[in-house]
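Report on the structure given below.
Naming: A, B, ... by sequence-line order, numbering from 1 per chain.
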Number of protein chains: 2
Amino acid sequence: MSARTGPTTGTTAGPTTGQPLSRRERLRAETTREITTIAMRQMAAEGPGAISLRGIAREMGMTARAIYSYFATRDDLVTALVDEISASLADALEKARDAVPATDPAGRLVAWGLALREWALANPEGFRLIYGDPVPGYTPPDDGPAAEAARRICCGLNRLVAEVHAPNTPVGGLFDWSDFAPSYLAKIQADPLSLSPSVVALALRVWGRLHGLVTLEIYGHLRAVCNDPATLYRAEILGLAGSPGTVPTP
Amino acid sequence: MSARTGPTTGTTAGPTTGQPLSRRERLRAETTREITTIAMRQMAAEGPGAISLRGIAREMGMTARAIYSYFATRDDLVTALVDEISASLADALEKARDAVPATDPAGRLVAWGLALREWALANPEGFRLIYGDPVPGYTPPDDGPAAEAARRICCGLNRLVAEVHAPNTPVGGLFDWSDFAPSYLAKIQADPLSLSPSVVALALRVWGRLHGLVTLEIYGHLRAVCNDPATLYRAEILGLAGSPGTVPTP
DNA sequence: TGTCAAAAGTACACGGCGTTTCCTCAACGC
DNA sequence: GCGTTGAGGAAACGCCGTGTACTTTTGACA
């Protein structure tokens, strides 16, 4: 029912047939694009909480009502933004990783980590939208493109860490498969590369390290302290690519 | 001028003399306390963005106007909350640290780190208020009790890291005093313990590691993955207390 | 070219928020 | 006791937001 009466969720393209887009559908896609673009700009300017259908409509020179032809509710719009931004992050990370030949696993991990910070600095509000406080009153769906992107990011890091560190690497603390969430295990074990619990735990710790410095920087807590967060971050990430957790001596 | 005409900022106590509080001032202090308590509860229930004078007044069975006798604007109320929460965190960290004898520097660092996570889990919305997205439309003052608490936290960690690791410990990356913000240096160098740039950089990296895992957990990104974040966190923190960045083998 | 459905405009209901103005009233200090 | 002071209520102002009937325009297609 909703698929017929309600507006589409924006990026779901085209008619049921596989024909090329008609003029109408092209216009629709363009307008949808414009809406999300402006929403991104609003978010970048005043934070995720500032996303509002009325504000977008004002900036587009349209009536608020018009937006409802494209997104049934504000939450649908936010979901579309989260989906797009999440995919953008996952793409950026995979692209950076793949720019380093597979014969250099440590280099791939370093590239992945550096790309995380660079993406976050280039899209600070996107980073906040994904990892920070959600928009007030918004509850994300627990599946959909955003969840898929989160899976790509998580599993991607798992593989990188697994390739850098030998299986059964001691990582401090004893971990068992039962330490992880079942739904996560299902995704992990679909991965062709066999992972050990220790490596998965290490990957989470690596994620935490990178996420911590990036978060501190994005939220401005490093700015008051450190002139050059990049050097700090690089020191941390180079430590990760060596033996597990070890900081190489200069 | 404002000190006479405007309402007080809440916790500034008493008359100019040192006399015991009068009945009026006692009632005032109690009401102020009730306001901040309810604000905390509101924040805990629906996030920092949900703090509203009207909501507090509703819950207190008063009109919105009454609040203005205690806090001139909503931002003043938020500032009072941030100040209180920041001090609470700094207190908790120092208390945990001091519960371990000074002869065990590594143990003190571990206690500090564990206390950080425990405080955050006990006060998740307080953690968000300090380290996450600020309340929409709120800009914190760059001095005051909150800044002082931030200084206590940062410098406290510096000292702990310095005590655990020998001076001039290689930490990966070459750091110089010029890599840090001048205002931060002024505070650091007032510290009796002499610190090296490398140690300060290492302390920031340690902060990032702890902050990363805690943030991921508080914002729910670890929950979908890991059954037992405590074990993960403990593994990370025990690694910190050993040689710099090294993960001890089990 | 005419019919139909989608898109967009108009107007509005409903609620929230911070803040202010005016006024009442009880408590305090003398 | 009594003027003064501060706490607090009532109501309003102005702004913002989401979402909803109803109506007009406009593109698609026969």
Could you state the [atom1]-[atom2] distance from [X] to [N], rounded to the nearest angstrom?
X	N	atom1	atom2	answer
Phe71(A)	dG17(D)	CZ	C1'	18 Å
Asp75(B)	dT19(C)	CG	C1'	13 Å
Ile51(B)	dC17(C)	CD1	P	12 Å
Arg26(A)	dA7(C)	CZ	C1'	16 Å
Arg74(B)	dG16(C)	CZ	P	17 Å
Tyr70(B)	dT19(C)	OH	C1'	18 Å
Glu30(A)	dA7(C)	CD	P	14 Å
Arg28(B)	dC28(C)	CZ	C1'	15 Å

Check DNA chain C against residues 52-59 of chain B and give the residues with a non-hydrogen atom under 4.0 Å, in numerical order.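 Heavy-atom cutoff 4.0 Å gives Ser52(B), Leu53(B), Arg54(B), Arg58(B).
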For atom CD of Glu59(A), decide whether the heavy atoms of other residues, nucleotides or ligands shown that lie under 6.0 angstrom number more than 12.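 Yes, because the 6.0 Å sphere around CD of Glu59(A) holds more than 12 heavy atoms from other groups.
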Please work out whether the ring planes of His211(B) and Tyr131(B) are parallel, tilted or perpendicular, with thresholds of 30° and 60°.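 Perpendicular, since the angle between the ring planes exceeds 60°.
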Whether Tyr184(A) and Phe180(A) hold their rings parallel, tilted or perpendicular, with breakpoints at 30° and 60°: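 Taking Phe180(A) first and then Tyr184(A), their aromatic rings sit tilted (interplane angle of 30° to 60°).
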Does Tyr68(B) have a side-chain nitrogen or oxygen under 4.0 Å from the phosphate oxygens OP1 or OP2 of dT19(C)?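 Yes.
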Side-chain N or O of Ser69(A) less than 4.0 angstrom from OP1 or OP2 on dA7(C)?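 Negative; the distance criterion is not met.
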Arg97(B) side, atom CZ; Leu157(B) side, atom CG - distance, nearest 0.5 Å: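 Result: 10.5 Å between the selected atoms.
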Ala50(B) or Leu27(B): which one's nearest nucleotide on DNA chain C is closer to the 5' end?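 Residue closer to the 5' terminus by nearest nucleotide: Ala50(B).
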Restricting to nitrogen or oxygen on both sides, can you table the protein-nucleotides 21-27 of chain C pairs closer than 3.5 Å?
unit_1: dT21(C); atom_1: O4; unit_2: Arg65(B); atom_2: NE; d: 3.4

Set of salt bridge (charged side-chain N to carboxylate O under 4.0 Å, His left out) partners for Arg151(B), sequence neighbours left out: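 With sequence neighbours excluded, Arg151(B) shows a salt bridge (charged side-chain N to carboxylate O under 4.0 Å, His left out) to Glu148(B), given in chain and number order.
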Check salt bridge (charged side-chain N to carboxylate O under 4.0 Å, His left out) between Arg58(A) and all other residues, then give those that pass, not counting sequence neighbours.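 None.
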Base, sugar-phosphate, or nothing: which does Ala64(A) touch, judged by heavy atoms less than 4.0 Å apart?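 Ala64(A): no heavy atom of the nucleic acid under 4.0 Å.
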Okay, side chain of Thr73(A), backbone of Asp75(A): is any donor-acceptor separation there less than 3.5 Å?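 Present.
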Side chain to side chain contact (heavy atoms under 4.5 Å, CB included) with Met62(B): which residues, sequence neighbours excluded?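 Testing Met62(B) for side chain to side chain contact (heavy atoms under 4.5 Å, CB included), a comparison that skips the adjacent residues, returns Met60(B), Ala66(B), Ile67(B).
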Tell me every residue that passes side chain to side chain contact (heavy atoms under 4.5 Å, CB included) with Asp91(B), counting only those two or more places apart in sequence or in another chain.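 Checked Asp91(B) against side chain to side chain contact (heavy atoms under 4.5 Å, CB included); matches are Arg152(B).
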